[in-house]
Amino acid sequence: MNIAVKTENLSKLYGQTMAVDRLSLEVKNGEFFGFLGPNGAGKTTTIRLLTGIIRPDEGTAIIQENLPAGSIEAKLIAGVMPESRGLYEWMTAREYLSLFAHLYSVHNAIKATDEKLSIVGLSHEKNKRIGAFSRGMKQRLCLARALINKPKILFLDEPTLGLDPKGQEDIQILLKALNADGVTIFYSSHLLNEVAMLCSRIAVIHHGKLVAQGTISQLQEQTGLTNSGLKDIFLKLTGD
Ligand SMILES: Nc1ncnc2c1ncn2[C@@H]1O[C@H](COP(=O)(O)OP(=O)(O)OP(=O)(O)O)[C@@H](O)[C@H]1O
Ligand SMILES: [Mg+2]
């Protein structure tokens, strides 16, 4: 199996706004795929379409070769860290995560819960109410939730937003390790240094449309900015 994500003419209309406009993308298994675009470009909407939170108006999206995005089969093998967290603030982190472990019928759910809390650095906070968590702690818990079902593919919508430098580095190291273990990563971020460091291939969208995709050197070639960094390339591709 080689295809992790494939969309064809994927489209979503909100009122008069084409939030995602005939987007055709392909991500291969094992890739660390960067998904970039300015505010309002349609990144979150695309991730919501790919994870079945919303349905497209037109076009198709499949996950892992042949599973329709949004199907239960696709959801079982995917992890998602969405833009809005939707945490249950009255629960402790451990209660919350074990709820998801049970939902996914994870073997040895409590052990898996404690393992994931440890991986994201929340072992000491596991019995604290989520409502009393800082933003970075909530972000870490969201990542633990995204990992609880041992996903083959991870969809991450600005996962390091609001994290302190140590937290950002911890997550970068964790994601690299997951990717080295074969997990495909679909990664949206505005931190272009982070994207340049982590991602093997990048797509840039603007006004819902794909404007470029490829490795950084392919993007350099496409834009004629052969000696430039990702920031200059991004600004050229998304300048109106
Ligand atoms: N629920 C909604 N109802 C109406 N319009 C929406 C909704 N969600 C998104 N939009 C619109 O769709 C477009 C794409 O928004 P989206 O949130 O996907 O952008 P984004 O690339 O994730 O931006 P950001 O970098 O700010 O997170 C924007 O014009 C936005 O106003
Ligand atoms: Mg967004």
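Both counts, for ligands and for their atoms, begin at 1 and track the order of listing. These figures come from a predicted structure and were not determined experimentally.
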So which protein heavy atom does atom 14 (C) of ligand 1 come closest to, and at what separation?
Gly40 O, 3.3 Å
When you measure from atom 26 (O) of ligand 1 to every protein heavy atom, which one gives the shortest distance, and what is it?
Asn39 ND2, 3.0 Å
Pro38, portion touching ligand 1 at heavy-atom distance under 4.0 Å:
backbone
Write out the residue and atom name of the closest protein heavy atom to atom 12 (O) of ligand 1, then the distance separating them to 0.1 Å.
Ala19 CB, 3.2 Å
Do Lys75 and Glu73 sit within salt-bridge range, that is, some charged N less than 4.0 Å from a carboxylate O?
no
Give the residue, atom name and distance (to 0.1 Å) of the protein heavy atom nearest atom 3 (N) of ligand 1.
Tyr14 CD2, 3.6 Å
Within a strict 2.8 Å cut-off of the Mg ion (ligand 2), protein N/O/S atoms tallied 2
Please list, in number order, the atoms of ligand 1 under 4.0 Å from a heavy atom of His190.
25 (O)
the protein heavy atom lying closest to atom 15 (O) of ligand 1 turns out to be Thr45 OG1, 3.8 Å
Could you check atom 27 (O) of ligand 1 against the protein and tell me its nearest heavy-atom contact, residue, atom and distance included?
Glu83 OE2, 2.7 Å
Closest protein heavy atom to atom 17 (O) of ligand 1, given as residue, atom name and distance to 0.1 Å
Thr44 CB, 3.7 Å
What is the closest protein heavy atom to atom 29 (O) of ligand 1, and at what distance does it sit?
Thr17 CG2, 3.6 Å
Are Phe33 and Tyr187 near enough that their ring centres are under 6.0 Å apart?
no
Tell me yes or no: between the side chains of Ser11 and Asp57, is some donor less than 3.5 Å from an acceptor?
no
